[in-house]
Amino acid sequence: MVATSPPVPPAGRPGVTYKEIATCYGLAPRYVAENARWGRHPEWPAPVAKRGRSQEFDPQAVHDFTQRHHARQVPALDPARTYTVTEAASATGLSADTIYSDISRGRWPDPDTTTPDGVRLWSGETVIRTLAGRRAYGR
């Protein structure tokens, strides 16, 4: 989950700790501190202060980092057009197998229409809404 606003430091403090960052983004503090996609990433912001043993990070710099590295981009789909699984996959960066897997697991909605020869079609609006609710998807 990527927050839409920066984490808020406690009153009188210049920054936020890994624990506060983790709370803001719905992750475990150890994961944020030690994962190569978060706190160990080469572009992770430098600490601005210390609070006891904890490093503090500029909240806006942390937010900017998460927007660059973890925010999902909304796919550029025409909401009124209908898409097959293959077309939706190529337009969104997912593989068709991932969409088929989601369909079989009930994580993808029923098709908006089905052609007489059995081709399932989803509107761009449905695809966009479905992807917005996904935990993560390919870039």
Side-chain angles (χ1 to χ4, degrees):
M1 172 180 140
V2 177
T4 57
S5 60
V8 179
R13 297 302 311 175
V16 289
T17 64
Y18 285 124
K19 183 177 180 181
E20 292 155 352
I21 295 165
T23 300
C24 181
Y25 294 103
L27 301 167
R30 186 171 178 180
Y31 181 82
V32 173
E34 298 178 7
N35 189 282
R37 293 184 61 220
W38 285 84
R40 299 284 184 227
H41 192 281
E43 294 180 33
W44 182 256
V48 295
K50 284 194 78 153
R51 187 183 325 157
R53 291 182 167 178
S54 300
Q55 296 175 325
E56 290 185 321
F57 302 91
D58 175 48
Q60 188 60 52
V62 169
H63 181 68
D64 293 345
F65 173 86
T66 60
Q67 293 302 307
R68 279 192 316 275
H69 296 281
H70 298 289
R72 288 185 233 134
Q73 302 301 315
V74 177
L77 299 175
D78 178 1
R81 180 176 172 236
T82 56
Y83 294 85
T84 64
V85 169
T86 305
E87 293 168 336
S90 67
T92 61
L94 290 172
S95 73
D97 288 340
T98 299
I99 295 176
Y100 285 122
S101 175
D102 283 357
I103 292 168
S104 71
R105 289 179 169 87
R107 295 188 302 227
W108 196 268
D110 292 333
D112 294 318
T113 59
T114 304
T115 64
D117 51 338
V119 177
R120 298 176 289 183
L121 301 170
W122 289 264
S123 70
E125 181 179 347
T126 301
V127 174
I128 292 168
R129 187 175 56 249
T130 302
L131 292 176
R134 281 180 61 92
R135 184 173 57 101
Y137 60 86
R139 294 176 188 232

**Report entry** Polar side chain donor-acceptor pair, Thr115 to Asp117, under 3.5 angstrom
**Finding:** yes

For Leu77 and Gly124, the nearest pair of non-hydrogen atoms, with its separation, is CD1-O, 4.2 Å

| request: Determine whether the aromatic ring centres of Phe57 and Trp44 lie less than 6.0 Å apart. | output: yes

| task | Determine yes or no for a side-chain-to-main-chain donor-acceptor pair under 3.5 angstrom, with Tyr83 supplying the side chain and Asp78 the backbone. | result | yes

Here the gap from Leu131 atom CG to Leu94 atom CG, rounded to the nearest 0.5 Å, amounts to 6.0 Å

Stepwise side chain to side chain contact (heavy atoms under 4.5 Å, CB included) test for Trp122 and Ile128: CA-CA 10 Å; Trp122 289 264; Ile128 292 168; over 6 Å; no

Rounding to 0.5 Å, atoms CZ (Arg81) and CD (Glu87) come to a distance of 4.5 Å

4.5 Å side-chain heavy-atom contact, Trp38 and Leu27
yes

Distance col, row Glu125:CD vs Asp112:CG, nearest 0.5 angstrom, shows 8.5 Å

Rounded to the nearest 0.5 Å, the NE2 atom of His69 sits from the CD atom of Gln67 at a distance of 11.0 Å

Point to revise | Phe65 ring center near His41 ring center (under 6.0 Å) | key: yes

| query | CZ of Arg30: more than 12 outside heavy atoms within 6.0 angstrom? | reply | no

Smallest heavy-atom separation, Pro79 atom then Ser123 atom, equals O-CB, 3.8 Å

message: Looking at Gly15, is its backbone amide N or carbonyl O close enough to the side chain of Arg51 to form a donor-acceptor pair, meaning the two atoms are under 3.5 Å apart?
response: yes

dist Trp108:CH2 -> Ser101:OG (nearest 0.5 Å) comes out at 11.5 Å

